Protein chains: 2
Amino acid sequence: MPAKDESAAAASGAAGPRTKAPKSEQTRALILETAMRLFQERGYDKTTMRAIAAEAGVSVGNAYYYFEGKEFLIQGFYDRMTREHALDARERMAGRTDFSERLSIALESWVDCAAPYHEFAAQFFRTAADPNSALSPFSNESHPARATAVQLFREVLDGSDLGPKIDPELDELLPDLLWLHLMVVVLYWVFDRTDDTERTRAFVQRCAPFVAKIVTLSRYRVFRPLVRDAVDMIRDFVLPTIGKTAASRPATARTPSAPAGPDAGKPGKTTRRLRRG
Amino acid sequence: MPAKDESAAAASGAAGPRTKAPKSEQTRALILETAMRLFQERGYDKTTMRAIAAEAGVSVGNAYYYFEGKEFLIQGFYDRMTREHALDARERMAGRTDFSERLSIALESWVDCAAPYHEFAAQFFRTAADPNSALSPFSNESHPARATAVQLFREVLDGSDLGPKIDPELDELLPDLLWLHLMVVVLYWVFDRTDDTERTRAFVQRCAPFVAKIVTLSRYRVFRPLVRDAVDMIRDFVLPTIGKTAASRPATARTPSAPAGPDAGKPGKTTRRLRRG
DNA sequence: ACCTCTTTTTGAACGTGTTCAAGATGGGAT
DNA sequence: ATCCCATCTTGAACACGTTCAAAAAGAGGT
């Protein structure tokens with residue numbers, strides 16, 4: 001049983017090595033770096049595991065010792081790009097306070113950061129679309145990349161001037177919703193075949209004001225019931241799937257909070273007082 | 001150059017065989033049927049091309065003569081399921097006139113029809129998620145399965161009693177939008193790990209009234225600007241990607257907020273008074 | 001019958017991702 | 001030093017999707 005799972009290794013052995021052997025970590029990094037370089041040079045499909053191993057000066061079996069499979073090498077890309085994006089977006093947003101503008105900048109920043117990888121993004125995407133894969137952006141909450149992205153969107157909101165006036169329940173959900181919006185943009189981007197993904201850029205420019213408008217309008221009385229419904233639905237059906245909230249599998253089970261309340265049998269803890277008809 | 005593309009073969013040779021050789025079509029069908037049977041029995045990954053060929057009593061090369069690759073065998077499944085769904089949904093909707101109910105039935109019918117394939121839907125989905133693949137539901141408009149599904153949703157609308165009162169522009173888009181909604185349900189379903197995909201079923205039950213509410217509310221004055229924006233955006237950015245509308249590359253144009261004329265530089269015929277029956 | 005050309009069929013061979021039994025390495029404990 | 005054990009490394013071997021040159025089977029025409 002090799003110690004592939006470092007978090008487990010770090011948590012289990014109390015008397016064990018506090019920092020995992022730097023030697024092995026070095027090999028791991030070497031393989032990952034080599035893989036990423038070759039991916040960028042030749043594309044994902046054209047880069048064989050044998051080539052990666054050879055280029056890194058290790059055996060092919062060794063690569064599999066550190067990475068469960070070829071697709072796991074992609075994670076490095078994903079993580080790196082997400083970090084770059086967060087940094088770049090923060091920098092570009094600095095000083096701006098208009099929500100629509102900030103959102104637009106954040107999304108455009110993503111398109112820019114992702115641009116170098118667009119060519120083999122398809123392969124990438126294909127792997128991420130597999131629910132069984134650990135790479136799926138929806139699967140494991142632990143995915144650090146998602147946390148980074150959600151955090152960025154929280155900052156997009158916090159830095160803008162529509163602060164306390166909007167529905168607190170919606171406000172709580174918004175960072176995740178904006179991340180979801182980013183996922184839609186990603187989907188659009190992956191399928192975008194125009195030069196420099198101009199189409200996606202235009203899409204983003206149109207989306208941002210629209211989203212801002214929705215958020216702004218959500219304050220008004222007329223929209224409240226609709227917003228309520230949407231918020232409830234997202235809380236019950238979307239967030240749990242992403243791994244948010246303690247209730248991670250409430251579908252057939254009972255409600256996690258409010259034992260025998262009005263929504264017994266309902267998927268999530270809806271709202272305490274929901275005037276349902 | 002073998003005649004893999006039967007539509008071309010049928011259209012080109014004026015003096016050629018009006019019906020393509022039934023012999024070869026028989027082999028093709030045999031391979032497809034065998035593949036579908038094995039996929040259902042063992043799952044997609046576990047079913048090897050060698051096994052399909054052996055079970056069908058042909059050589060492996062022969063399978064590749066009729067199908068460009070393994071993934072192309074999936075298309076058979078996709079098409080069949082879509083047809084089944086359309087039939088089943090129509091039957092179940094018969095007599096109902098409430099839009100929300102009809103939509104709910106149509107979606108639930110899909111979940112039921114897709115249930116037998118849920119196990120290997122992941123692999124399926126993974127393939128469909130590849131923009132390069134001919135299987136992608138977004139790629140080629142010609143995809144007959146999508147046409148069937150969109151047509152079904154048109155019937156969902158036509159059979160319901162909210163007919164002429166809703167915004168005609170929205171009405172025109174709705175079938176495609178509902179299909180898009182189905183795609184979201186599919187996404188949800190693929191990732192759903194609950195027993196009998198109970199969670200997806202609950203999701204659908206909640207979505208349908210919500211969608212109906214939106215459609216209903218879209219009539220009121222307050223919502224008009226929002227609906228307008230949404231309709232425009234969808235027409236400009238979503239439908240062209242699906243292959244709808246002649247204007248398929250409007251992205252790089254100018255700012256959308258009407259500088260010169262009402263629709264100057266707009267890709268589609270955006271705002272126009274359509275009085276549809 | 002014989003030749004000619006297209007359509008269909010074959011199966012060995014290639015390149016790939018992945019596995020695995022076996023070996024090498026290194027650091028403590030005796 | 002010697003042994004022990006976990007960690008790391010190896011490369012041959014496996015199974016799979018896919019390709020391809022060549023053979024077989026038809027389909028006309030003479």
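Owing to the predicted nature of the structure, the values given are computational and were not obtained by experimental measurement. In what follows, every chain begins at residue 1, and chains take the letters A, B, ... in the order their sequences are listed.
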Checklist entry - The side chain of B/Y65 lies closest to which of these nucleotides: C/dT7, D/dG17, D/dT10? => result C/dT7
Checklist entry - Taking for each residue the nucleotide of DNA chain D bearing the nearest heavy atom, is the 5' side occupied by A/T27 or by B/E71? => result A/T27
Checklist entry - Taking atom types as modelled and ignoring hydrogens, do the side chains of B/R28 and B/Y65 form a donor-acceptor contact shorter than 3.5 angstrom? => result no
Checklist entry - Under 30°, 30 to 60°, or over 60°: which ring-plane class applies to B/F77 and B/F39, parallel, tilted or perpendicular? => result parallel
Checklist entry - Checking all strands, does A/V60 fall into the base, sugar-phosphate, or nothing category for heavy-atom contacts under 4.0 angstrom? => result base
Next on the checklist: If I take atom CZ in residue B/F67 and atom P in nucleotide C/dT9, what distance separates them, rounded to the nearest angstrom?
Outcome noted: 12 Å
Checklist entry - Is B/E91 atom CD crowded by more than 12 heavy atoms from other residues, nucleotides or ligands, each under 6.0 Å away? => result no
Checklist entry - What bend angle does the helix from C/dA1-D/dT30 to C/dT30-D/dA1 show across its length, from five-pair end axes and to the nearest 10 degrees? => result 30°
Next on the checklist: My understanding is that only one of A/T194, A/V185, A/V186 makes a side-chain contact (heavy atoms from CB on, under 4.5 Å) with A/T200; could you say which?
Outcome noted: A/V185
Checklist outcome for this item: A/N62 CG to C/dT19 C1', in whole Å, measures 14 Å
Checklist outcome for this item: Taken to the nearest whole Å, CZ/A/R28 to P/D/dT9 is 12 Å
Checklist entry - OH of A/Y64 versus P of D/dA12: gap in Å, rounded? => result 16 Å
Checklist entry - Taking side chain as C-beta onward, heavy atoms only, is B/K46 less than 4.5 Å from B/E41? => result no
Checklist entry - Once you round it to whole Å, what is the distance between C1' of D/dT7 and CD of A/E25? => result 13 Å
Next on the checklist: Tell me whether B/K70 forms a cation-pi arrangement with B/Y44, defined as NZ or CZ under 6.0 Å from the six-membered ring centre and within 45 degrees of its axis.
Outcome noted: yes
Next on the checklist: For the backbone of A/I52 and the side chain of A/T34, can you confirm whether one donor and one acceptor N or O come within less than 3.5 Å of each other?
Outcome noted: no
Checklist entry - Rounded to the nearest Å, what distance is computed from the CG atom of residue A/L73 to the C1' atom of nucleotide C/dG17? => result 12 Å
Checklist entry - In whole Å, what is the span from the CZ atom of B/F72 to the C1' atom of D/dG17? => result 14 Å
Next on the checklist: Please pick, from C/dT10, D/dG11, C/dT19, the nucleotide with the shortest atom-to-atom distance to any side-chain atom of B/V58.
Outcome noted: C/dT10
Checklist entry - From the list C/dG17, C/dT8, D/dC8, which nucleotide is the closest neighbour of the side chain of A/S24? => result D/dC8
Item to check | Given D/dG11, C/dG17, D/dT19, the nucleotide with the shortest approach to the side chain of A/K70 | outcome: C/dG17
Checklist entry - Taking only residues at least two apart or on different chains, which pairs with a member in residues 76-86 of chain A satisfy side chain to side chain donor-acceptor pair (under 3.5 Å)? => result A/E33-A/R80
Checklist outcome for this item: Within residues 37-53 of chain B, the residues having a heavy atom closer than 4.0 Å to DNA chain C are B/R50
Checklist entry - Within the side chain of B/T197, is there an N or O that forms a donor-acceptor pair under 3.5 Å with the backbone of B/R193? => result no
